[in-house]
Amino acid sequence: MFDKGLLNSMTFAGMISTSFFWGFMTDTYGRKKIMFYGYMFTGILSLATCFSHTSWLLILFKFLDGVIISGPYAALMSYLAEVHNETQRSRTYMWLGVFFSLGNISLPCIAWLIIPQKWNINILSRTVEISSWRVFLAICSLPEFLACVAMFAFPESPRFLLLKGRREEALEVFKKIYSVNTGKDPDTYPIKDLQDEYSIKGPSENMKDKMRMGWQQIKPLFLPPNIYKLCAIGLIQLGATIGSNSIRLWMPQLFTMMEHFKNNHTKMEYSNTQPRFCYMLGQRQTNHSSSASFINETVDVVHECIPAVLNSRVFINSIVIATTGVIGYTLAGTLITVIGKKKLIATCFMVAAACCGSLYWAANTNSILGLSSVFVAMSSIGGACVVNIIVDNFPTCLRTMAVSLTMMVGRLGAVIGNLLFPVLFNLSCLGPFLMIGSASLVSAFLVILLPRKHPQNNKSKNIA
């Protein structure tokens with residue numbers, strides 16, 4: 001159990017180690033360049049992961065994968081904010097969440113088709129055995145290569161170009177966006193000139209000057225009032241990811257344990273009462289026969305690594321959880337402009353905390369699935385909405401760095417959650433649910449500390 005928690009957390013640990021670095025690189029060298037090279041190297045690492053022949057090598061590759069993907073992820077968050085206006089920006093992040101959920105749906109679907117297959121191809125004198133899970137990991141690297149190729153169709157962020165004092169290039173990008181959106185000739189774009197708000201020169205060749213320039217660039221982030229906003233948003237992200245990424249990554253394992261339990265116990269044994277969630281997971285707290293836990297029984301009997309036979313119900317449950325996320329993000333895309341960001345965030349975390357508390361007492365498989373689905377959807381939506389608060393309250397020169405730092409704190413929550421989940425679970429089934437529910441509840445109350453968006457002064461219609 002702890003080894004699985006370690007594997008789950010390694011990608012997030014890699015992201016944490018380079019969040020600060022990638023935030024600086026993205027604000028210095030541009031969003032498009034970081035996304036292009038980031039997706040390319042992530043795809044190469046993901047492809048290399050499927051050739052791991054030892055567990056430590058698999059864990060190392062997952063860590064390195066997290067190290068690289070942190071860059072394009074942070075760049076994508078800023079890029080979306082900078083190519084959409086304020087009216088559409090919040091809704092755009094919700095639609096991004098829809099595509100994240102579609103990705104989560106595709107994973108169990110592909111796994112359902114690939115992993116149950118009995119493929120064994122030995123290469124390099126039996127050093128590496130090409131089994132179905134390796135094929136699954138190889139297929140999962142394809143979207144990263146596709147994202148790399150897709151970047152050729154996108155321009156650099158116009159806000160970043162303005163930040164670097166490249167007004168003519170920024171204006172050309174705006175003309176291209178205008179032409180794509182309206183179908184009109186780019187020369188008919190009504191904006192004829194762009195106003196310089198501020199600009200930052202590129203770093204010089206001297207490394208000392210680069211470091212000094214970088215510090216001057218990010219220094220305002222750690223001064224009032226930015227530091228207070230950064231701490232509040234970071235703590236909310238911490239609570240959101242402790243919940244969503246722990247439950248989401250552990251639910252397939254928990255469903256597998258439940259299916260194992262049902263396959264090894266007759267229905268007549270529980271004809272009068274429905275066994276509770278924790279009892280099916282091996283935490284036996286009722287008067288039924290054995291005093292040893294289901295987990296301990298399994299460990300005592302099985303001493304060698306035997307691949308688990310996955311029931312199709314496990315894949316179906318994972319698909320249902322991801323589908324609920326798609327529905328949730330779709331509704332949130334409309335609600336966020338109606339009820340506002342702060343109210344939506346608080347509501348999501350309150351509902352998530354209630355679902356997590358109810359999950360401990362659930363006794364029906366369908367109710368367990370329903371509560372898990374709603375919890376993952378609500379906590380994920382709450383965390384995604386917080387990104388809107390970041391882009392609304394930090395200037396362009398600090399935006400990616402702010403996103404990177406808050407996401408670094410959030411990923412720290414994912415590492416903590418995935419490592420503590422098996423430890424607390426072995427002590428008591430209530431432990432992990434108490435931890436996750438409390439984190440969601442605290443995040444809901446911290447929403448009152450979030451700042452509001454300050455309106456900007458109107459500018460001339462011919463100058464942007």
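One-based numbering along the sequence shown. Scope of the values below: all heavy atoms of this structure, side chains included, with no hydrogens, waters or symmetry mates. What you see is a predicted model, and the numbers here were worked out from it, not measured in a lab.
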Determine the interplanar angle of the W112 and F315 rings, folded into 0 to 90°, and report it as parallel if under 30°, tilted if 30 to 60°, perpendicular if over 60°.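 Answer is parallel, since the angle falls under 30°.
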
Classify the ring geometry of F421 against W250: parallel below 30°, tilted from 30° to 60°, perpendicular beyond 60°.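 Rings of F421 and W250: parallel, under 30°.
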
Sequence neighbours excluded, every pair satisfying side-chain hydrogen bond (donor to acceptor under 3.5 Å, both in side chains) that has a member inside residues 315-325: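 Checked against side-chain hydrogen bond (donor to acceptor under 3.5 Å, both in side chains) - neighbours excluded - the pairs reaching residues 315-325 are R313-N317.
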
So, taking the atom named [atom1] in [X] and the one named [atom2] in [Y], what distance separates them when rounded to the nearest 0.5 Å?
| X | Y | atom1 | atom2 | answer |
| --- | --- | --- | --- | --- |
| S443 | L235 | OG | CG | 8.0 Å |
| T26 | K33 | OG1 | NZ | 11.5 Å |
| L64 | I44 | CG | CD1 | 13.0 Å |

Side-chain donor or acceptor of [X] paired with backbone N/O of [Y] under 3.5 Å:
| X | Y | result |
| --- | --- | --- |
| S9 | V415 | no |
| S157 | Y79 | no |
| R167 | L162 | no |
| K192 | Y189 | yes |
| T188 | D185 | yes |
| S70 | V67 | no |
| S106 | G103 | yes |

Please tell me if the side chains of [X] and [Y] come closer than 4.5 Å, counting only heavy atoms from C-beta onward.
| X | Y | answer |
| --- | --- | --- |
| I68 | Y73 | no |
| T11 | F63 | no |
| V442 | F349 | no |

Applying salt bridge (Lys or Arg N to Asp or Glu O under 4.0 Å), name anything that partners K32, two or more places apart in sequence or on another chain. none

Nearest non-hydrogen partners of A240 and S379, listed with the distance: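 That would be CB-O, 4.1 Å.
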
With sequence neighbours left out, write down each residue that passes side-chain contact (heavy atoms from CB on, under 4.5 Å) with E144, or none if nothing qualifies.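 For E144 the side-chain contact (heavy atoms from CB on, under 4.5 Å) partners, ignoring immediate neighbours, are T42, S46, S141.
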
Kindly determine whether F152 and F36 satisfy ring-ring contact (aromatic ring centres under 6.0 Å, His included), including the steps that lead there. CA-CA 8 Å; F152 285 106; F36 174 79; 5.2 Å; yes

